[in-house]
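Let me begin by presenting the structure, written as structure tokens, before commenting on it.
In listed order, ligands and their atoms are each counted from 1. Note: hydrogens, waters and symmetry copies are ignored here, and every other heavy atom, side chains too, is used.
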Amino acid sequence: MKEIKIYSPATIANVSCGFDVLGLCLDNVGDEMIFRQSAERGLRIVEITGADLPLALEKNVAGVAGQALMEHLNPDFGIEMTIHKKIKAGSGIGSSAASAAGAVYGINALCGYPLSKKELIYYAMQGEALVSGAAHADNVAPALLGGFAFIRSYDPLDIVSIKAPEQLYATVIHPQIELKTIDSRSVLKQTVTLKQAITQCGNLGGLISALYTSDYDLLGRCLHDEFVEPKRSVLIPNFKELKDVAAKCGALGGGISGAGPSVFVLSKGKEVAECVAQAMKAIVANVDYACDIHVSPINQTGIRELI
Ligand code: ADP
């Protein structure tokens with residue numbers, strides 16, 4: 001294979017009570033990336049459209065992740081990468097992760113698929129370290145594997161891939177406000193009470209069980225975050241109103257996507273998810289910043305190859 005074009009999807013990390021350990025993959029928001037073999041050895045980012053991002057490998061998450069994998073695979077040809085960004089950077093729906101995961105997928109494909117998708121996660125995480133300070137997996141894992149990805153442990157890296165219930169839909173609203181990562185981090189408390197930890201464990205266990213059994217009611221009861229949402233949500237305009245209208249539409253529940261400012265809601269069926277989108281639109285009708293609203297099924301397979 002001399003050339004490959006891929007679709008690298010957006011993802012939601014920090015899925016409610018799965019703060020820092022659970023992410024999911026969206027289906028109809030994503031970047032496109034093209035990889036071509038070249039005679040000159042090494043990796044190059046030759047073009048980026050849709051966003052003002054650096055071509056320099058060491059400043060771009062796709063470059064850092066890709067370089068980590070190139071060093072491991074050491075192919076005897078070069079690779080040129082083109083990135084068409086559709087996911088806005090800093091949106092909280094895994095813009096950087098789509099690039100990092102896409103880079104390692106594309107390089108691995110041109111090298112003849114020596115590594116499995118699960119093995120690629122480690123290299124994609126190296127890209128994430130560039131922008132978030134830590135090599136976290138809760139966006140790159142669902143981007144690569146699809147469905148839900150549960151990060152059981154980082155040392156050793158132990159990731160459980162879980163299929164999403166068939167009728168699960170996400171509605172995501174991205175208010176285009178600047179939410180500095182430093183602010184969304186600084187509001188977090190470093191300690192939790194035993195009571196909070198027990199509640200969170202109960203909800204997370206229930207949520208994982210609900211995914212395996214497609215028990216939507218249980219899933220809805222578990223979408224409750226004790227640790228982060230009460231603190232972080234004050235930084236997101238209309239957070240409570242957005243959740244309230246979603247509940248009125250019959251949604252299962254939701255929370256902050258990644259570190260925000262996007263807010264996600266999960267629903268059983270497209271109709272409810274569309275109702276949530278319309279109700280959210282009404283809430284932000286008169287605000288003085290732009291908002292993108294996406295309705296998407298859960299992507300069950302992750303990054304895919306385009307013909
Ligand atoms: P998101 O949660 O939407 O991924 P992040 O804060 O994790 O947002 O990442 C966005 C940051 O990463 C921005 O500062 C952006 O400049 C930087 N960045 C570097 N390379 C890329 C890339 N290829 N795609 C997206 N963002 C990138």
Could an N or O of ligand 1 be found under 3.5 Å from any N or O of Ala89, whether backbone or side chain? no
Looking only at side chains, do Glu128 and Ser96 share a donor and an acceptor under 3.5 Å apart? yes
Name the closest protein heavy atom to atom 9 (O) of ligand 1, giving the residue it belongs to and the distance to 0.1 Å. Ser96 OG, 3.4 Å
Do Met125 and Leu157 come close enough that some side-chain heavy atom pair is under 4.5 Å? yes
Nearest 0.5 angstrom please: Leu207 CG to Leu219 CG, how far? 5.0 Å
Heavy-atom nearest neighbour in the protein, as seen from atom 20 (N) of ligand 1, with distance rounded to 0.1 Å: Val61 N, 3.2 Å
What do we get for Val131 next to ligand 1 when only non-hydrogen atoms under 4.0 Å count, side chain, backbone, both or neither? side chain
For ligand 1, is there an atom lying under 4.0 Å from some heavy atom of Gly90? yes
Kindly state if atom 14 (O) of ligand 1 has a protein heavy atom within a strict 4.0 Å cut-off, that is, under 4.0 Å? no
Heavy-atom distances under 4.0 Å are what count here, so tell me which part of Leu53 touches ligand 1: side chain, backbone, both or neither. side chain
Would you say Gly258 touches ligand 1, if touching means a heavy atom closer than 4.0 Å? no
Check: Ser296/Asn28 side-chain N/O donor and acceptor closer than 3.5 Å: yes
I'd like to check whether Gly92 has a polar contact with ligand 1, where a contact means an N/O of the residue lying under 3.5 Å from an N/O of the ligand. yes
Does Phe19 reach the side chain of Leu188, with side-chain heavy atoms less than 4.5 Å apart? yes
Going through the checks in order, is the side-chain hydrogen bond (donor to acceptor under 3.5 Å, both in side chains) test met by Ser99 and Lys85? CA-CA 8 Å; Ser99 288; Lys85 287 298 302 176; 2.9 Å; yes
With heavy atoms under 4.0 Å as the rule, classify the contact between Ser99 and ligand 1 as side chain, backbone, both or neither. side chain
Are Phe150 and Ile12 connected in a single hydrophobic cluster, I mean Ile/Leu/Val/Met/Phe/Trp/Tyr linked by side-chain heavy atoms less than 4.5 Å apart? yes
Among Gly260, Gly102, Ser95, Ala100, the residue with a heavy atom nearest to atom 4 (O) of ligand 1 is Ser95
Atoms of ligand 1 close to Asn60 [distance to a heavy atom under 4.0 angstrom, numbered from 1]: 20 (N), 21 (C), 22 (C), 23 (N)
Separation of Tyr289 OH from His174 NE2 (nearest 0.5 Å): 10.5 Å
With heavy atoms of Gly94 as the reference, note each atom of ligand 1 found under 4.0 Å away. 1 (P), 2 (O), 3 (O), 4 (O)
Pairwise ring-ring contact (aromatic ring centres under 6.0 Å, His included) hits with a residue in residues 78-121, at least two apart: none
At a non-hydrogen distance cut-off of under 4.0 Å, which region of Lys85 contacts ligand 1 (side chain, backbone, both, or neither)? side chain
Could you identify which residues cluster with Ile198, counting Ile, Leu, Val, Met, Phe, Trp and Tyr as linked when any side-chain heavy atoms lie under 4.5 Å apart, either directly or through a chain of such contacts? Leu194
Could you say whether the N/O atoms of Glu128 and ligand 1 ever approach to under 3.5 Å? no
